[in-house]
Protein chains: 2
Amino acid sequence: MEIKKTFKDLGLRMSKQRMAVLEFFEENKEGHFSLNEIYEKISQKNKNISFTSIYRACKLLEKLGLIRHISFEERHIHYESNLTPHLHYQCLICGKIIEESPEWLRELKKKLDIKDFLITSYRIQIHGICKECQDKYPEDIRRKLRT
Amino acid sequence: MEIKKTFKDLGLRMSKQRMAVLEFFEENKEGHFSLNEIYEKISQKNKNISFTSIYRACKLLEKLGLIRHISFEERHIHYESNLTPHLHYQCLICGKIIEESPEWLRELKKKLDIKDFLITSYRIQIHGICKECQDKYPEDIRRKLRT
DNA sequence: ATTAAACTTGAAAAAATTTTTCAACAAGAA
DNA sequence: TTCTTGTTGAAAAATTTTTTCAAGTTTAAT
């Protein structure tokens with residue numbers, strides 16, 4: 001298992017708390033979760049893990065390039081697995097998120113390469129207005145804008 | 001001025017506070033700023049504007065597609081002007097940000113288009129490890145990882 | 001299996017950031 | 001100018017993020 005070697009090389013220890021967070025992202029490759037959501041979901045299975053440990057494990061796993069964080073309209077951080085690059089389209093009005101994984105995304109990584117930088121993850125977020133919100137009457141949009 | 005028409009159509013008013021924030025981003029097309037930074041910089045010029053107004057103006061301008069928010073290693077939100085698409089490379093270890101604007105970025109927008117979604121902005125963030133941090137001894141990296 | 005050294009955890013407090021409230025004010029239309 | 005309605009500011013509230021430090025674990029060596 002490659003992760004264990006990385007931990008060892010860096011003098012880090014594989015505690016059961018970190019393991020739980022790693023497993024969580026292995027089981028949840030698709031979604032993106034706030035720290036609280038991760039905490040709650042892990043707590044349902046394994047009671048012996050604190051919010052603080054989740055917080056720290058996520059920060060660590062991000063630095064190791066295993067997960068990445070992302071921020072949507074709600075201002076708190078979400079984390080997601082770093083395995084499947086995809087696009088996030090988010091509507092600025094209603095907040096809805098549409099995910100896409102087009103073919104050309106695979107070629108993009110080569111283009112992103114620059115000298116002297118070791119890429120561990122990348123993400124593309126697109127903002128705009130979804131069909132439903134485009135169709136809304138100005139009054140509805142106006143109300144949303146003020147919130 | 002097109003923005004004024006948008007405001008009018010939506011029943012929004014062009015207050016001097018909103019104007020100040022708009023001007024701020026016109027004068028600062030390049031950087032990305034936390035709400036506090038925006039507040040402090042605007043306050044230096046124009047004393048009659050509260051943090052709350054900056055907060056609300058930024059949320060509004062983002063929904064109108066004029067600015068966009070972005071979150072780096074520090075977890076609070078930064079805003080940046082929506083005029084010049086560019087890439088952000090951030091080192092996961094030291095936090096340093098490298099910005100690039102390669103030629104091919106212009107063609108990307110067409111590829112991003114999907115049905116029924118009106119794009120107002122997009123951004124690409126790349127994470128990894130910079131040259132300097134790659135060269136560091138494990139001890140230094142280890143220390144950073146624990147922070 | 002023990003032990004020592006170093007790393008990690010958990011609970012709580014602290015810090016920082018974001019959001020709401022509501023009375024007073026201001027912009028824009030008539 | 002006046003009226004209607006949108007906006008502001010200050011403070012409080014809510015939420016989220018981060019630190020602290022004593023106690024507990026992990027790992028490697030004995």
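Everything numeric in this text was worked out from a predicted model, so none of it was measured. Just the heavy atoms: all of them, side chains too, but no hydrogens, waters or symmetry mates, feed the values below.
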Less than 4.0 Å between a side-chain N and a carboxylate O, is that true for B/Asp135 and B/Lys131? yes
To the nearest angstrom, the CG-P distance between B/Leu60 and D/dT8 comes to 9 Å
Classify the ring geometry of B/His32 against B/Phe72: parallel below 30°, tilted from 30° to 60°, perpendicular beyond 60°. tilted
Please say yes or no: joined through hydrophobic side-chain contacts below 4.5 Å, possibly via intermediate residues, are A/Leu61 and A/Tyr122 part of one cluster? no
note: B/Ile49, atom CD1; D/dG9, atom P; distance rounded to Å ~ 6 Å
Side-chain N or O of A/His76 less than 4.0 angstrom from OP1 or OP2 on D/dT15? no
Closest heavy-atom pair, B/Gln90 versus A/Phe117, reported as atoms and distance to 0.1 Å, is O-CZ, 3.4 Å
So B/Lys8, base contact, sugar-phosphate only, or nothing? Heavy-atom distance under 4.0 Å. sugar-phosphate
Less than 4.0 angstrom from a charged side-chain N to a carboxylate O is my criterion; do B/Glu132 and B/Lys96 meet it? yes
Check the angle between the aromatic planes of A/His88 and A/His86 and answer parallel, tilted or perpendicular using the 30° and 60° thresholds. perpendicular
Is B/Asn36 near enough to C/dA16 that one of its side-chain N or O atoms lies under 4.0 angstrom from OP1 or OP2? no
Out of D/dT7, C/dG10, D/dT26, whichever nucleotide has its closest atom nearest the side chain of A/Gln17: C/dG10
Separation of C/dT18 C1' from B/Ile38 CD1 (nearest whole Å): 14 Å
To the nearest angstrom, how far is A/His78 atom NE2 from D/dT17 atom C1'? 14 Å
Respond yes when some side-chain nitrogen or oxygen of B/Ser53 is under 4.0 Å from OP1 or OP2 of D/dG9, and no when none is. yes
Nearest to the side chain of A/Ser15, heavy atoms from C-beta on, is which of D/dG9, C/dT8, C/dG28? C/dT8
B/Leu35 and B/Ile77: side-chain contact (heavy atoms from CB on, under 4.5 Å), yes or no, with the steps? CA-CA 7 Å; B/Leu35 281 171; B/Ile77 297 290; 5.9 Å; no
Any A/Arg18 side-chain nitrogen or oxygen under 4.0 Å from OP1 or OP2 of C/dT8: yes
Please write out each protein N/O paired with an N/O of nucleotides 20-25 of chain C under 3.5 Å, distance rounded to 0.1 Å.
residue	atom	partner	partner atom	Å
C/dT21	O4	B/Arg56	NH1	3.4

